[in-house]
Amino acid sequence: MTETGVIRALCRPGFEADAGQELVSRAAEVGGYGFFVPEAAGWIRFELPGQAAEPVMRAVSLRNLVFVRDWYSGIGVVDPLPGEDRVGAVLEGLRDAGESGPFGRVDVHVPLGETEEALPRFARKWTSPLAKALRGAGILQGNPDGDAGAPGLEILLPDFSRALLARRDPALSSAFHEGVPRLRMPGTAPSRSTLKLEEALHRFFTTDERERLLRHGMTAVDLGAAPGGWTWQLVQRGLAVTAVDNGPMDEALMASGLVTHRTEDAFSWRPSHPVDWLVCDIVDRPARVVELMAEWLENRLCRLAVFNLKLPMKQRWACWQEYRARLEESIAASGADLTVRAAHLYHDREEITCCVAPLTRSR
Ligand SMILES: C[S@@+](CC[C@H](N)C(=O)[O-])C[C@H]1O[C@@H](n2cnc3c(N)ncnc32)[C@H](O)[C@@H]1O
């Protein structure tokens with residue numbers, strides 16, 4: 001079955017409704033009227049009847065989405081996927097959809113958080129014969145490592161009986177596989193939370209932006225800093241950090257000489273001079289954290305901010321809209337030219353990570 005006007009979107013399992021509501025709302029803002037259907041754990045199908053998917057994806061921009069980690073435009077569905085010749089069925093599905101490539105690479109996906117090992121194992125084994133056949137048919141380019149600039153063929157397997165065929169445009173989709181940067185826990189970082197800030201820095205900023213916005217000699221405040229995983233990320237980049245927390249900071253991190261520890265209440269403490277960065281990893285009522293961030297931004301106590309917001313169990317998308325409006329109001333009052341973004345990171349569970357920074361508005 002051929003598909004037009006279909007977006008295949010990925011999110012954290014359990015957040016399909018939030019990602020779907022976000023897509024419905026964001027697409028409507030750019031004239032794309034559609035509906036969503038949860039397809040499998042962490043996958044949704046967003047349909048735009050009578051419209052093409054890619055112009056809507058371009059106008060919305062993945063960078064502006066919170067719950068959607070990555071997305072592809074639908075090509076077609078192979079249903080049923082016959083047990084005896086799955087490769088042949090995919091080739092036929094592509095032919096039926098008039099899709100001849102060439103693609104730079106092929107990736108086979110299984111539902112996120114899949115606990116049964118059989119489907120992921122099959123997907124891993126299947127990719128190589130599939131790529132060989134696609135190359136033989138001239139649908140996949142010859143270079144086995146792929147061409148980063150070419151579109152990707154994404155094959156989503158909800159189970160053994162169906163294959164969802166989709167196209168990944170590198171200009172529209174995430175630079176990371178399934179939207180998640182693969183990060184290794186640094187040996188000397190004081191806590192695993194360090195990975196959350198590192199992921200945020202990769203998700204929100206390009207390499208150039210990271211180098212420009214996080215430089216040696218800059219200053220930062222880390223609210224709720226202990227034991228220091230977020231502070232560690234900033235210190236690694238040469239920033240001098242004031243760490244505010246009643247809890248103890250990691251001794252080796254303090255020995256760097258770049259950290260000043262203030263055992264104070266983060267909600268009432270303020271710096272004597274404005275700083276470049278504010279980061280905040282306090283688990284508290286989101287409205288309270290938003291007010292704190294809004295006050296810092298409005299008074300220009302920081303130039304950039306990254307912080308977590310714990311979201312309620314329901315109406316997460318609607319809540320974020322309210323918080324975003326409050327943050328934008330405070331930025332407007334400050335007169336600064338800053339963009340608010342947020343992402344439900346791989347390392348986030350019931351919270352989202354927000355970023356306020358001087359960023360280009362599109363991808
Ligand atoms: C999730 S932990 C932070 C982990 C830290 N970002 C890291 O990477 O190691 C939250 C911290 O917020 C601190 N905290 C909570 N409420 C606070 C407040 N009102 N003032 C200062 N610190 C607070 C807690 O003591 C705790 O250390």
Side-chain angles (χ1 to χ4, degrees), residues 12 180-205 210 213-214 218-272 275-297 299 301-302 304-313 316 323 341-357:
R12 187 183 185 91
V180 178
R182 295 294 184 271
L183 303 172
R184 233 189 257 147
M185 176 66 197
T188 57
S191 68
R192 283 197 68 77
S193 302
T194 199
L195 291 173
K196 191 184 291 193
L197 183 57
E198 188 174 4
E199 185 184 353
L201 297 176
H202 279 84
R203 278 283 290 272
F204 292 125
F205 306 124
R210 278 199 300 280
L213 298 173
L214 288 146
M218 287 182 164
T219 53
V221 166
D222 183 354
L223 299 178
W230 285 31
T231 294
W232 185 91
Q233 288 290 336
L234 300 170
V235 164
Q236 288 302 300
R237 292 167 169 87
L239 280 79
V241 184
T242 303
V244 183
D245 201 308
N246 279 318
M249 292 293 287
D250 179 74
E251 281 178 24
L253 182 60
M254 293 306 296
S256 69
L258 280 172
V259 186
T260 308
H261 185 189
R262 305 290 303 262
T263 49
E264 309 247 7
D265 175 18
F267 286 93
S268 48
W269 181 86
R270 299 290 179 272
S272 52
V275 291
D276 295 301
W277 277 86
L278 169 63
V279 298
C280 175
D281 188 19
I282 292 177
V283 183
D284 204 306
R285 281 186 303 109
R288 191 172 183 224
V289 175
V290 166
E291 272 316 306
L292 180 63
M293 299 298 110
E295 196 205 308
W296 276 67
L297 290 164
N299 295 316
L301 292 177
C302 59
L304 307 102
V306 171
F307 51 95
N308 272 331
L309 292 181
K310 191 159 172 53
L311 291 182
M313 293 302 284
R316 299 179 184 110
Y323 301 143
R341 292 218 179 105
H344 191 210
L345 303 176
Y346 176 78
H347 290 96
D348 284 330
R349 288 182 183 276
E350 296 300 323
E351 68 273 16
I352 55 171
T353 302
C354 312
C355 171
V356 178

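For ligands, and for the atoms within them, numbers begin at 1 and follow the listed sequence.
The distance from ligand 1 to the heavy atoms of Gly228 drops below 4.0 Å at these ligand atoms: 7 (C), 9 (O). Against a heavy-atom cut-off of under 4.0 Å, Asp265 is close to the following atoms of ligand 1: 18 (C), 19 (N), 20 (N). Less than 4.0 angstrom separates some heavy atom of Pro227 from each of these atoms of ligand 1: 9 (O). Close approach of ligand 1 to Phe267 (heavy-atom distance below 4.0 Å) involves ligand atoms 19 (N). Within ligand 1, the atoms closer than 4.0 Å to a non-hydrogen atom of Gly229 are 7 (C), 8 (O), 9 (O), numbered from 1 in the order shown.
Closest to atom 14 (N) of ligand 1 by heavy atom, among Ile282, Leu197, Thr263, Val289, is Ile282. Here the shortest heavy-atom distance to atom 27 (O) of ligand 1, taken over Thr194, Asp250, Asp284, Asp245, belongs to Asp245.
If you take CZ on Arg203 and NE2 on His344, they are separated by 10.0 Å, rounding to the nearest 0.5 Å. Taken from CG in Asp281 to CD in Glu351, the straight-line distance is 8.0 Å, to the nearest 0.5 Å.
Residue contacts with ligand 1 include Glu264, since one or more of its heavy atoms lies under 4.0 Å from the ligand. Contact annotation: Pro190 has no heavy atom less than 4.0 Å from any atom of ligand 1.
Considering backbone and side-chain N/O atoms, Trp230 comes within less than 3.5 Å of an N/O atom of ligand 1. The distance criterion of under 3.5 Å between nitrogen or oxygen atoms is not met by Val283 with respect to ligand 1. Note: no N/O pair closer than 3.5 Å links Asp222 and ligand 1 by distance alone.
In the displayed structure, Arg270 atom CZ is contacted under 6.0 Å by more than 12 heavy atoms of other residues, nucleotides or ligands. Heavy atoms from other residues, nucleotides or ligands lying under 6.0 Å from CZ of Arg349 number 12 at most. Counted within 6.0 Å of CZ on Phe205, heavy atoms from surrounding residues, nucleotides or ligands total more than 12; the atom is thus considered enclosed.
The shortest distance between side-chain heavy atoms of Thr231 and Met249 falls below 4.5 Å.
Summary of contacts: the protein heavy atom closest to atom 20 (N) of ligand 1 is Ala266 N, 2.8 Å. Counting only heavy atoms of the protein, atom 6 (N) of ligand 1 lies nearest to Asp281 OD2, 2.7 Å. Looking only at protein heavy atoms, the nearest one to atom 12 (O) of ligand 1 is Gly224 CA, 3.3 Å.
Trp230 places a side-chain N or O within donor-acceptor distance of the main-chain N or O of Ser193, the cut-off being under 3.5 Å. Remark: the backbone N or O of Leu183 is not paired with any side-chain donor or acceptor of Glu198 at under 3.5 angstrom.
Looking at Ser191 against ligand 1, only its side chain comes within 4.0 Å, counting heavy atoms.
A donor-acceptor pair shorter than 3.5 Å can be found between the side chains of Asn308 and Thr353.
Contact between Glu199 and Pro181 at its shortest, heavy atoms only, is CG-CG, 3.8 Å.
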